Asker: 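Quick one: this structure, given as structure tokens, is what I'll be asking you about.
Chain letters run A, B, ... following the sequence lines, proteins first, then strands; residues in each count from 1. Values in this document were obtained by computation on a predicted structure and should not be read as measured data.
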Number of protein chains: 2
Amino acid sequence: MDAENTKPVTRIQREKHELILEAALDVFSQYGFRGSTIDQIADAAGMSKPNLLYYFKSKEDIHAPLLARILDTWLEPLRALDQNGDPLPELQSYIRRKLEMSRDFPRESRLFANEMLRGAPGFSDVLHTDLKDLVDEKARVIEKWMAQGRIARCDARHLIFSIWATTQHYADFDIQVRAVLGKERGGETRFEDAARFLDQLFLHGLTPKK
Amino acid sequence: MDAENTKPVTRIQREKHELILEAALDVFSQYGFRGSTIDQIADAAGMSKPNLLYYFKSKEDIHAPLLARILDTWLEPLRALDQNGDPLPELQSYIRRKLEMSRDFPRESRLFANEMLRGAPGFSDVLHTDLKDLVDEKARVIEKWMAQGRIARCDARHLIFSIWATTQHYADFDIQVRAVLGKERGGETRFEDAARFLDQLFLHGLTPKK
DNA sequence: CTGGAATTTTTCCAATCGGTCAAAAAATTT
DNA sequence: AAATTTTTTGACCGATTGGAAAAATTCCAG
């Protein structure tokens, strides 16, 4: 009955499953679902298309587990936001962790972005439940901090949006960021520079300390 | 010789050109270049594929003018950043104008995002010249303001990135934003809420005024 | 080292892809 | 209204798409 949940059992199955998902992440994150072809993925995985289809019976079946895996990973830093910690350091470390994810998992970020651009088909239910619930919960935590005067009063949800946006930008718009910074400005320090900048932005904004 | 630059002359040509580009923007902004089909665009434009190809001789020829038109529009607010104005109001109005563009031209924003996710093929030259030059120029303006103590010291380029990221987020991740805010929280005020929040973020950050 | 299971390759398919072409139909000019 | 130009259609093309089937091969336990 649960034919789709049959997990790999043999050594080869485990290896190839992982190999294919790795290759698929490369391809899907660049071209999106419709723009990617099974042949492309098979090539990237170094195998023939029918061979790939022996492990995943359809294009959807390769894409779905990638998405499922990601949302969880992606929200982990937000889950770690601790209501018992100090507000500013908590948010600071949330921002830093999200930025590190953009640095270390840019393909995952782009896959997610591709899905959002398409309007998140067959994914919007998760957005309205799991995601919304988590954001609601953490927004309440942040609002409590505001009520206690430990943090400036602002819209907690838009604060979360701005953290997502600024950090994911470095993965999703990597090409643009590199182009603008140029090589002479040492594009390899861009994540440290970004971390410093975001720290200041979220802590103090642009008002000069007189 | 300049066969590709033959501009529409008749009334019908002008109308259909615009109609097709409008439809193509809908499709390309959702599925990206590779994920979109000429048939889809023709359907959206209410005409047959061969008829569409009478006006644009290839898929590329529909896509290219859309992209060309956008980068210019997109950077106009940054161009308007006036070095003779007051720093904080200048930046504030830059942010507001960018946010308004996300509200009024979300498809253009998504088309651009799609192109970036793909690595901006056949576009990266513009990024390294026009875009970089403009950002360099405006970064110098901002750095001058910092040197004069009229604005907090920070990385001017990453400041620009953060403005791009936070504002475009409301167009590119619209689905997610709506899902998180939910209808009960009046998703139709999200742009006003965002404007208020971004004003505060960039002006004062999160440090509470004691 | 062999028999059965797991894996891979070869061949194939119908649908869709981007695009062409000639003829039909409108629109415009004379 | 006739002649001409512009626009639209339908039929079609080779290449690519997602995927099926079955034969050929490799793997591994007894």
Asker: Between atom NZ in B/Lys49 and atom C1' in D/dT8, what is the gap in whole Å?
Answerer: 15 Å
Asker: What I want to find out is whether A/Glu137 reaches A/Lys144 closely enough, with some N-O distance under 4.0 Å, to be called a salt bridge.
Answerer: no
Asker: In terms of side-chain geometry, is the basic nitrogen of A/Asp155 or B/Arg196 positioned less than 4.0 Å from the acidic oxygen of its partner?
Answerer: no
Asker: Rounded to whole Å, how long is the line connecting atom CG of A/Leu53 with atom P of D/dG19?
Answerer: 7 Å
Asker: Can you identify which nucleotide, out of D/dT9, D/dT17, D/dG18, has its nearest atom closest to the B/Pro50 side chain?
Answerer: D/dT9
Asker: May I ask you to decide whether A/Arg97 forms a salt bridge with A/Glu76, counting only side-chain N to carboxylate O separations under 4.0 Å?
Answerer: yes
Asker: OP1 or OP2 of D/dT7 versus the side-chain N and O atoms of B/Gln13: is any pair under 4.0 Å?
Answerer: yes
Asker: Check whether any side-chain N or O of B/Ser48 sits under 4.0 Å from OP1 or OP2 of D/dT9, and answer yes or no.
Answerer: yes
Asker: Tell me the interatomic distance from B/Arg14, atom CZ, to D/dT6, atom P, rounded to whole angstroms.
Answerer: 14 Å
Asker: Are A/Asp136 and A/Arg140 within salt-bridge range, i.e. N to O under 4.0 Å?
Answerer: no
Asker: Figure out the NZ/P separation between A/Lys57 and D/dA20, and round it to whole Å.
Answerer: 9 Å
Asker: Please identify the 5'-most and 3'-most nucleotides of DNA chain C with any atom under 4.0 angstrom from a heavy atom of chain A.
Answerer: C/dA6 to C/dC17
Asker: Using only side-chain N and O atoms of B/Lys16, determine if any of them is under 4.0 Å from OP1 or OP2 of D/dT8.
Answerer: yes
Asker: Is there a donor in the side chain of B/Gln40 and an acceptor in the side chain of A/Arg34, or the other way round, less than 3.5 Å apart?
Answerer: yes
Asker: Thinking salt bridges, do B/Glu18 and B/Arg14 make one under a 4.0 Å N-O criterion?
Answerer: no
Asker: Rounded to whole Å, how long is the line connecting atom CG of A/Asp61 with atom C1' of D/dG18?
Answerer: 12 Å
Asker: In whole angstroms, how far is the P atom of D/dT6 from the OH atom of B/Tyr54?
Answerer: 7 Å
